[in-house]
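Written below as structure tokens is the structure these notes are about.
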Protein chains: 4
Amino acid sequence: MEDRMGQELPGKKKNLILEAAAEVFARRGFHGSTVEEIAQRAGVGKGTIYEYFSSKKDLFHQLITAVMEEMITDLRKRIDQAGEVQEKLRILVEEGLNHFQRLEQISKILMTEVKNARDEEIKEIFLQKHESIIGLISGVIEEGMKEGRFRQVDKLLAAQLFIGTLSSIIVSTTIYNRERKTSINAVLDLFLHGIST
Amino acid sequence: MEDRMGQELPGKKKNLILEAAAEVFARRGFHGSTVEEIAQRAGVGKGTIYEYFSSKKDLFHQLITAVMEEMITDLRKRIDQAGEVQEKLRILVEEGLNHFQRLEQISKILMTEVKNARDEEIKEIFLQKHESIIGLISGVIEEGMKEGRFRQVDKLLAAQLFIGTLSSIIVSTTIYNRERKTSINAVLDLFLHGIST
Amino acid sequence: MEDRMGQELPGKKKNLILEAAAEVFARRGFHGSTVEEIAQRAGVGKGTIYEYFSSKKDLFHQLITAVMEEMITDLRKRIDQAGEVQEKLRILVEEGLNHFQRLEQISKILMTEVKNARDEEIKEIFLQKHESIIGLISGVIEEGMKEGRFRQVDKLLAAQLFIGTLSSIIVSTTIYNRERKTSINAVLDLFLHGIST
Amino acid sequence: MEDRMGQELPGKKKNLILEAAAEVFARRGFHGSTVEEIAQRAGVGKGTIYEYFSSKKDLFHQLITAVMEEMITDLRKRIDQAGEVQEKLRILVEEGLNHFQRLEQISKILMTEVKNARDEEIKEIFLQKHESIIGLISGVIEEGMKEGRFRQVDKLLAAQLFIGTLSSIIVSTTIYNRERKTSINAVLDLFLHGIST
DNA sequence: CATGAATGAGTATTCATTCAT
DNA sequence: TATGAATGAATACTCATTCAT
């Protein structure tokens, strides 16, 4: 899978930078991150970043868009493959947890680091993508309600709560060093119990 | 209540600064905030901040400590005043939402803006306080389990989920402009349904 | 005339910076000058410049405006004090030569360093001021034509030529190390001979 | 006249670059110009410039030398072809104006953009060439004095003034959008009137 | 020869912190 | 105490120059 004889995959370097940026921005936030560190982590020179992105802000912007796009596509695929709604939710959690973790991180950065109109614009784009994901989850919940498996609830709020639930899993595993499997089961049990008839 | 003839209540100016800092840090994160803006919002000179705090980091540190301390004290008082466990949870939500919102904001800042060992230290202090609050909530849940009102669940995880639940309320009211009362009822219903026998 | 006991004249530091900037910009052009060097020559810290000017471009802008303003005021005063038109021209040269040297330098910088729309704007302001000076000189020439001392010529072109003439004096003294007095007399003689009846 | 089948005239690409450089340096000065823009305007790759010139500074250096050399050769030829001295001066102006415009631009750049000893060296070379041109003009003036057509004046200063006069024409046509022919006649009339017996 | 992707030295600008008043 | 003018370390960004293809 590696490039042979110095032949590079197209866009390889850009992806290297995006991956490095994801890592650094997640750890330090936007203002706390330096282009220098992103470059070092990507293994490229500082100037190279500006070959692919017009500014630090543009890099952040493209990163968010790419991550959200990938998340939506992947989650949609997984949901369509699954059978029952309860199974769909479980799969969403188990397979989508990494995605949601990134959603959390981006959300955190965006919600606490607004400086000007341009930032609001980026925030707006994020919220649009975020709504897509909420819509995706609320679709599953609606399906469950139609099948009579779930109680009649506000599906958007329930979807929102579902993400809050995932957030709990992420926090409990990250901060408290819990085993992920245990957390998933316990938290999902509580959520499903809450929503089921 | 106002100070007369320039006579100031002790610590009044320090509190002004802390309040201003809470506001600014919440909106811009740590690196995105400037001492200048905090000073202006507090209505004091930039140098004055350094009369009460040794550095921007120290201000942030003291802010977190103060906010958490106040939160724990207030929540403990409200819980002790309430009667049944379900009522305790409802009161925790209704009365404690502002506290939790601040908890969210601080958590976001801390989790995404780590630069060095000193930051980790601050993070550690925050986590200790955070655990106090988790303990406080898990205490209520344990009480409910003993009374047979709640199912036998992992009380720490449930407490964690409870905060995730509150997070949902905050997000749905903030981002989606939902009415707070409706969100509270719907989300609390789901949580209680999930945890009850 | 010096400030006593550390008491500073108002705007003193801003003027220090403007003087240093005049010197550096004249020698190196806009792009060739560094804020660092201007700061050092002004004997202030780099950051101090940004206390008085919002950007390097703003410093340049304010410098041009200030220099042109001073030049126009001073030249107008000298002309009004003089008697005959030929005397006026001589005085304009002798007393105004330093001003014109600065006019030359600024003009050179402006005419060769245009990068964007903002630059065109600055250039426009300069041209307005430049026209004021042309108008001032052409006024003297018109006066001379009315008195019958000068031939009927295109007064604006003649004024333009007068500045070209001064430029010659400046170049011949600066580059060829000529004595200023000799250059003034010789060149002025040629100009007056050319314009007189 | 076009190259056929990719076969290029020797030095053709080098000339393309020199022409592009002349244009860009004239518009933006030395520090304001980028190698990138020069390459684009020349229709070659950025790296190609370094095939013909060792550095940006070297390109500038060679450009000045080439322009001055061409100017001197061409002006000498035109002067030798003309008859009377007054006619020589007129021809110098009419035919040499484009050359003098470039002289002006290069002079402006050189006089305002000195950074180090190396620059002084380039400036020195320019001054030598400049003196050749002054000598060329002062030769014509001397000729006129010998013929009794011109007054006895400092021929070097007069030559200097002649270039200042041309500068006026260039400025009045460039900045004030005057018709070139009118400016030439008016300014030349003043100069000749000034120098003639 | 020709190219342009990659690079890092160099610069404008910001902002936490100090200190004279 | 309280202040804000002054500062320079830190950082985003540019661009001359190199070098693999």
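For the numbers below, each heavy atom of this structure counts, side chains included, while hydrogens, waters and symmetry mates do not. All of these numbers come straight from a predicted model, not from anything done at the bench. Lettering follows sequence order; numbering is per chain, from 1.
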Considering only heavy atoms from C-beta outward, does the side chain of [X] approach that of [Y] to under 4.5 Å?
X	Y	result
D/Lys13	D/Val44	yes
B/Leu59	B/Ile38	yes
A/Leu18	A/Phe53	yes

From [options], pick the nucleotide closest to the side chain of [X]?
X	options	result
B/Val44	E/dT17, E/dT13, F/dT3	F/dT3
A/Ser55	E/dT7, F/dC13, F/dT17	F/dC13
C/Tyr52	E/dT13, F/dT17, F/dA5	F/dA5

Figure out the [atom1]/[atom2] separation between [X] and [N], and round it to whole Å.
X	N	atom1	atom2	answer
B/Ile49	F/dT1	CD1	P	16 Å
B/Leu59	E/dC15	CG	P	16 Å
A/Glu37	F/dA12	CD	P	11 Å
D/His31	F/dC15	NE2	P	13 Å
A/Tyr50	E/dA9	OH	C1'	15 Å
A/Glu36	F/dA9	CD	P	17 Å
C/Leu16	F/dA6	CG	P	10 Å
C/Asp58	E/dA12	CG	P	15 Å

Applying a 4.0 Å non-hydrogen cut-off, can you work out what [X] is touching in the nucleic acid: base, sugar-phosphate, or nothing?
X	result
B/Ser54	nothing
A/Phe53	nothing
C/Thr34	sugar-phosphate

Point to revise | A/Phe60 and A/Phe30 aromatic ring geometry - parallel, tilted or perpendicular at 30°/60° bounds | key: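 Plane angle between 30° and 60°, so tilted.
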**Study point:** Paired nucleotide for F/dT18 [Watson-Crick or G-U wobble; both distances under 3.5 Å]
**Key:**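 For F/dT18, the partner nucleotide comes out as E/dA5, under the 3.5 Å rule.
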Practice item. Report yes if a side-chain nitrogen or oxygen of C/Lys46 is closer than 4.0 Å to either non-bridging phosphate oxygen (OP1 or OP2) of F/dG8; otherwise report no. Key: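 Answer is no, no contact under 4.0 Å.
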Check your understanding: Just to confirm, is there a sub-4.0 Å distance from OP1 or OP2 of E/dA2 to any side-chain nitrogen or oxygen of D/Lys13?
Key ->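 For E/dA2, OP1/OP2 do have a side-chain N/O of D/Lys13 under 4.0 Å.
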**Study point:** First of B/Phe30 and D/Gly45 reached from the 5' end of DNA chain E, by closest nucleotide
**Key:**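 It is D/Gly45 whose nearest nucleotide is closer to the 5' end.
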Check your understanding: Toward the 5' end of DNA chain E, which comes first, A/Glu51 or C/Ser33, by nearest nucleotide?
Key ->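 Closer to the 5' end of DNA chain E: A/Glu51.
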Check your understanding: What's the spacing between A/Arg41 CZ and A/Thr34 OG1 if we round to 0.5 Å?
Key ->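 Interatomic distance, A/Arg41 CZ to A/Thr34 OG1, rounded to 0.5 Å: 10.5 Å.
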Practice item. Can you tell me, in whole Å, how much space there is between the C1' of F/dT21 and that of E/dC1? Key: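 Nearest-Å result for F/dT21 against E/dC1 at atom C1': 13 Å.
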